[in-house]
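Working notes, structure below.
Side chains included, hydrogens not; waters and symmetry mates left out as well; all remaining heavy atoms used.
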Amino acid sequence: MDFSPFLLSFIFIILHLSGQRVVQGEVDIQHYHRLHNEPITKLFVFGDSYADTGNIKRGFAPSWKHPYGVTFPGKPAGRFSDGRVLTDFIAKHLKLQPLASYRIRKHLAPHRLKNGMSFAFGGTGVFETLNPGPNLTTQISFFQNAIQDKVFTASDVRNSVALVSVAGNDYTRYNVKNGSIQGLPSFVSSVVNQTITNVIRIKELGVRKVIISNLQPIGCLPAVTASSSFKLCNETTNDLLVGYHNTLLTDAVTKLNQQINDNSSVPFIVLDLYDSFMSVLRSPSTHNIKNELVPCCNGVSSKYFCGSIVKKVKKYTVCENPKSAFFWDLVHPSDAGWQAVYTRLRISNALEQIHY
């Protein structure tokens with residue numbers, strides 16, 4: 001996910017942009033209603049591996065291999081972490097139990113669906129990515145079908161919150177497919193535009209609020225910092241690509257809320273993962289984090305990854321104490337990392353808007 005070949009030139013393009021902004025037409029959300037202090041009873045989640053709690057089938061991702069899940073629940077469970085992911089912490093904040101995964105919905109008793117459902121699939125994005133999983137638009141169609149099939153009632157949906165978490169797989173594909181540096185600003189705009197289209201669709205299906213995470217500091221992921229022996233973030237990536245995406249997203253969501261024209265509530269909320277990640281990485285000791293840019297689980301060489309096994313021989317190493325690591329592997333936070341991010345979100349009151 002190292003975007004530096006693009007971004008060295010991208011800075012000059014950004015400097016010469018003449019007010020390019022996300023194109024957003026008039027929005028008519030007919031299903032928006034004022035709600036009075038009704039408790040939130042369900043969470044519906046869409047996105048990628050930062051939110052996936054087990055939707056990818058076994059054998060198709062390392063999230064089902066040891067040592068994933070070693071901290072929670074003690075064995076691989078489909079989460080891209082040694083333990084919990086963002087979905088689990090948002091559910092915890094809403095006082096909900098871990099969510100059922102869409103993949104196994106037909107095998108669950110009705111009471112297992114009482115907290116909502118995760119439609120997120122690792123490796124996916126707003127558009128098609130390098131992975132074959134369902135993109136954000138398709139995930140929302142799964143949700144719509146569940147409503148039409150009366151898996152969830154109108155009351156269920158009305159008293160629910162949706163989380164949309166996409167962490168950059170669209171940009172990875174753009175990079176790998178040799179997209180031009182000249183076309184990157186336009187592509188960023190298209191990603192944000194489609195995200196806005198998608199969250200409007202979720203809201204029109206009846207959910208009370210939609211939480212949209214912005215991009216984390218991609219330049220600080222171990223996959224990027226490996227070139228500096230996990231010592232330095234790529235600030236060019238953070239300031240330009242991530243900064244540009246997050247600015248467009250925030251502006252678009254602000255306009256969207258203004259169009260709702262209801263002073264009693266903010267139906268669309270940007271969850272500032274970027275600031276929360278950076279707050280932890282700048283003061284890791286506050287959260288008992290050590291060697292904050294070093295992945296706990298990593299391949300023994302650049303040819304291997306966390307969980308790699310060749311002829312029954314492990315080709316990865318795991319740190320002595322995962323609870324002191326911010327990153328679990330080259331891309332994903334650890335359970336402790338997500339706990340620290342969640343703590344920062346709470347300290348900054350970023351989650352308070354969910355409740356009113």
Side-chain angles (χ1 to χ4, degrees), residues 1-4 7 48-50 52 61-63 65-72 74 76 79-86 88-89 122-123 165 167-169 171-172 175 213 215-239 241-242 273-310 313-345:
M1 296 179 72
D2 188 354
F3 300 98
S4 54
L7 292 169
D48 56 22
S49 57
Y50 275 28
D52 187 356
S63 56
K65 297 179 180 179
H66 186 80
Y68 286 81
V70 66
T71 298
F72 172 85
R79 290 172 173 83
F80 290 79
S81 171
D82 63 309
R84 295 164 291 178
V85 295
L86 178 60
D88 298 299
F89 286 97
S165 174
N169 291 315
Y171 298 122
T172 300
N175 189 28
S213 69
L215 281 184
Q216 79 283 21
I218 290 174
C220 295
L221 299 182
V224 177
T225 64
S227 60
S228 67
S229 299
F230 307 113
K231 297 184 183 301
L232 298 172
C233 294
N234 186 319
E235 297 301 339
T236 305
T237 300
N238 286 343
D239 292 343
L241 174 64
V242 178
L273 287 189
Y274 183 91
D275 184 67
S276 298
F277 270 59
M278 291 306 300
S279 293
V280 177
L281 294 176
R282 287 169 180 152
S283 302
S285 60
T286 302
H287 303 275
N288 299 314
I289 299 293
K290 300 178 181 179
N291 301 318
E292 60 275 11
L293 299 181
V294 180
C296 177
C297 183
N298 196 14
V300 295
S301 73
S302 59
K303 295 191 301 182
Y304 304 106
F305 303 93
C306 179
S308 292
I309 295 179
V310 178
V313 176
K314 293 181 181 179
K315 295 295 183 179
Y316 63 90
T317 60
V318 179
C319 66
E320 183 175 346
N321 184 13
K323 293 182 179 180
S324 68
F326 181 81
F327 287 107
W328 169 244
D329 58 19
L330 290 175
V331 176
H332 306 98
S334 64
D335 183 276
W338 278 122
Q339 174 69 67
V341 168
Y342 172 62
T343 298
R344 294 307 309 176
L345 289 169

Do [X] and [Y] come within less than 4.5 Å of each other through their side chains, counting heavy atoms only?
X    : Y    : answer
Y316 : I309 : yes
N298 : F230 : yes
P333 : S81  : no
P222 : V294 : no
V331 : F305 : no
C296 : V318 : yes
L215 : L273 : no

Donor-acceptor contact below 3.5 Å, side chain [X] vs main chain [Y]:
X    : Y    : value
N238 : G219 : yes
T225 : S228 : no
S308 : G299 : no
E292 : V280 : no
D88  : V85  : yes

Spacing of [atom1] belonging to [X] relative to [atom2] belonging to [Y], to within rounding of 0.5 Å:
X    : Y    : atom1 : atom2 : result
L86  : F80  : CG    : CZ    : 14.5 Å
S334 : F72  : OG    : CZ    : 14.5 Å
D239 : C233 : CG    : SG    : 10.5 Å
D48  : S165 : CG    : OG    : 5.0 Å
I218 : Y274 : CD1   : OH    : 10.0 Å
N288 : N321 : CG    : CG    : 9.5 Å

Practice problem: Mind jotting down which residue pairs meet the salt bridge (Lys or Arg N to Asp or Glu O under 4.0 Å) criterion with at least one end in residues 315-325? Sequence neighbours excluded, please. | Solution: none
Quiz item: What salt bridge (Lys or Arg N to Asp or Glu O under 4.0 Å) pairs are there with at least one residue in residues 327-344, not counting sequence neighbours?
Solution: R84-D335
Closest heavy-atom pair and its distance - [X], [Y]:
X    : Y    : result
S63  : Y68  : O-CB, 3.8 Å
K65  : G307 : CD-O, 4.0 Å
L281 : C220 : CD1-CB, 3.8 Å
P76  : H66  : CG-N, 3.4 Å

Quiz item: For the residue pair F326 and W338, is the inter-centroid distance of their aromatic rings smaller than 6.0 Å?
Solution: no
Practice problem: Test side chain to side chain contact (heavy atoms under 4.5 Å, CB included) on Y304 and V310 and set out the steps. | Solution: CA-CA 10 Å; Y304 304 106; V310 178; 3.7 Å; yes
Quiz item: Just checking, is any N or O donor in the side chain of H332 or S49 under 3.5 Å from an acceptor N or O on the other one?
Solution: yes
Quiz item: Should the SG-SG distance of C297 and C319 be recorded as below 2.5 Å?
Solution: no
